[in-house]
Number of protein chains: 2
Amino acid sequence: MVKMSPTGPDSRPETDSGNVLAEENTTRERILDIALELFTEQGYEKTSLRQIAERLGFSKAAIYYHFASKEDILIELHLRLHEFGRGALSGIDPGDMSLERAAEILDRLIDQILGHRALFVLFERNQVALDELHRQRHDAAHQDVESLFQQVLSNSEMAVRDRVRMACALGAVMGALVLSEKMFPDVATAELASLVRDASHDLLKPLAPL
Amino acid sequence: MVKMSPTGPDSRPETDSGNVLAEENTTRERILDIALELFTEQGYEKTSLRQIAERLGFSKAAIYYHFASKEDILIELHLRLHEFGRGALSGIDPGDMSLERAAEILDRLIDQILGHRALFVLFERNQVALDELHRQRHDAAHQDVESLFQQVLSNSEMAVRDRVRMACALGAVMGALVLSEKMFPDVATAELASLVRDASHDLLKPLAPL
DNA sequence: GTCTATATAGGGATAGAC
DNA sequence: GTCTATCCCTATATAGAC
């Protein structure tokens with residue numbers, strides 16, 4: 001199901017050397033950009049390769065020169081997300097977590113989300129498709145973001161209250177920033193980051209204030 | 001596209017008199033239960049009517065006696081959600097909102113979510129399919145939950161800080177409770193409600209504490 | 001690199017028997 | 001109320017020409 005087209009280039013050419021983040025104007029990048037847009041609007045399942053191709057002005061079959069499958073496009077976008085996730089989440093030790101450390105991590109995460117909002121919205125709106133991916137490709141090295149959160153929040157050595165607080169803080173950050181495009185289009189990014197950070201910090205204070 | 005099957009009963013028989021909430025053992029209810037399960041696991045688009053029918057032990061075509069279309073099943077589940085939403089959100093005036101009122105509303109919402117978690121998870125994981133529904137059926141009377149939040153949070157007469165706080169609180173409540181089944185399976189519902197309520201209140205305090 | 005044409009599969013939905 | 005059989009459509013993916 002994830003076979004390569006025999007003549008096409010690798011679905012993730014090594015020549016890119018991890019440069020999946022930059023906006024080169026290669027056809028491959030343009031496909032990914034359109035896919036990001038359509039997957040977010042209509043969902044992964046409802047978006048057809050024909051639609052993507054139409055927007056780019058060529059035929060459906062051409063896409064198969066650049067990607068081995070539709071799923072492969074999603075995987076590539078998923079890798080981009082991980083690229084950014086790594087930055088914010090590196091050095092997390094699920095066994096040694098605290099409210100303070102959680103606050104630091106979320107601070108970094110806020111910046112990452114605001115820097116790449118479209119990508120995060122995509123995956124907020126296509127959780128099922130992503131879960132499917134994860135179920136199929138559970139490489140041990142993959143160190144998935146979601147399973148990392150799972151480990152942290154499930155760690156029963158921490159007080160339940162603190163674990164719930166972390167879940168709330170994560171939800172607050174994700175929720176507010178995902179909604180932000182629709183709800184606060186007028187608010188500057190820096191101000192938004194600052195306000196959400198404050199909120200997150202209030203949630204993660206060791207003692208209930210007042 | 002939303003035509004009725006000519007021989008079948010109305011897609012929402014008046015004899016039910018709004019009793020869509022109870023678990024009667026009618027075939028119709030059983031279809032809805034399985035659909036709820038599969039739509040949540042696999043997503044609305046990826047779930048076929050054949051799959052639903054298989055689980056119930058009859059054929060795909062039988063479903064069309066009870067529902068006019070696949071979309072009709074989703075609509076019915078959507079109506080259930082609204083049933084509960086109305087309870088928590090009645091009496092909201094988007095033009096006259098405050099942090100205090102938001103806190104009260106979220107308190108009620110927490111109970112509703114915990115009472116019907118599966119339904120809320122369904123729609124958290126199928127936002128795109130729902131959006132599609134809303135785009136097609138924008139009856140004025142529909143008073144949609146999402147558009148209600150939109151109105152509240154977009155109301156530029158309120159301070160940006162407070163609007164962001166509300167978005168955070170909503171995200172915290174939704175996020176924590178949706179994750180709760182996976183992350184806190186051991187925590188009692190009442191305790192969970194209390195903890196999330198506390199967190200929500202911390203977010204919605206008029207002044208930054210400390 | 002992109003095309004046309006096609007293979008193959010599965011989906012939603014309907015007709016009509018029982 | 002459920003069945004079988006069928007229609008029609010669209011999707012992913014492939015083959016091979018240019």
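Quick note on labels: first sequence line is chain A, next is B, and so on, each numbered from 1. Values in this document were obtained by computation on a predicted structure and should not be read as measured data. Atom set for the values below is all heavy atoms of this structure, side chains included, hydrogens, waters and symmetry mates excluded.
The CD atom of A:Glu29 sits 14 Å away from the P atom of C:dG1 (whole-angstrom rounding). Straight-line distance from the CD atom of A:Glu54 to the C1' atom of D:dT10: 13 Å, rounded to whole Å. Atom P of nucleotide C:dG12 and atom CG of B:Leu74 are separated by 13 Å, given to the nearest angstrom. Straight-line distance from the CZ atom of B:Phe67 to the P atom of C:dA13: 13 Å, rounded to whole Å. What separates CG of B:Leu49 from C1' of D:dT6 is a distance of 16 Å, to the nearest Å. Rounded to an integer number of Å, the gap from NZ of B:Lys70 to P of C:dG11 is 9 Å. Taking atom OH of B:Tyr44 as the reference point, atom C1' of C:dG11 lies 12 Å away to the nearest angstrom. To the nearest angstrom, C1' of D:dG16 lies 17 Å from OH of A:Tyr64.
Between A:Phe84 and A:His116, the angle of the ring planes stays under 30°, which puts this pair in the parallel group of the 30/60° scheme.
For A:Met158 against A:Arg163, the heavy-atom pair with the smallest separation is O-CD, 3.6 Å. Across B:Lys70 and B:Thr47, no two heavy atoms sit closer than the pair NZ-O, 2.8 Å.
Side-chain atoms of A:Ser59 and A:Arg50 form no donor-acceptor pair, as typed in the model, at a separation below 3.5 Å. In summary, the side chains of B:Gln51 and B:Gln42 do present a donor paired with an acceptor at a separation below 3.5 Å, with no hydrogens or angles considered.
Residue B:Arg50 places at least one side-chain N or O under 4.0 Å from the OP1 or OP2 atom of C:dG11.
In this structure, A:Lys46 fails the cation-pi test against B:Tyr44, since its NZ or CZ atom is not both closer than 6.0 Å to the six-membered ring centre and inside 45 degrees of the ring normal.
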Can you check nucleotides 2-8 of chain C for protein contacts, nitrogen or oxygen pairs under 3.5 Å, and list what you find?
from	atom 1	to	atom 2	distance (Å)
C:dT2	OP2	A:His66	NE2	2.8
C:dC3	OP1	A:Ser59	N	3.2
C:dC3	OP2	A:Ser59	N	2.2
C:dC3	OP2	A:Ser59	OG	3.2

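If you check every strand for non-hydrogen atoms under 4.0 Å, A:Thr26 touches nothing.
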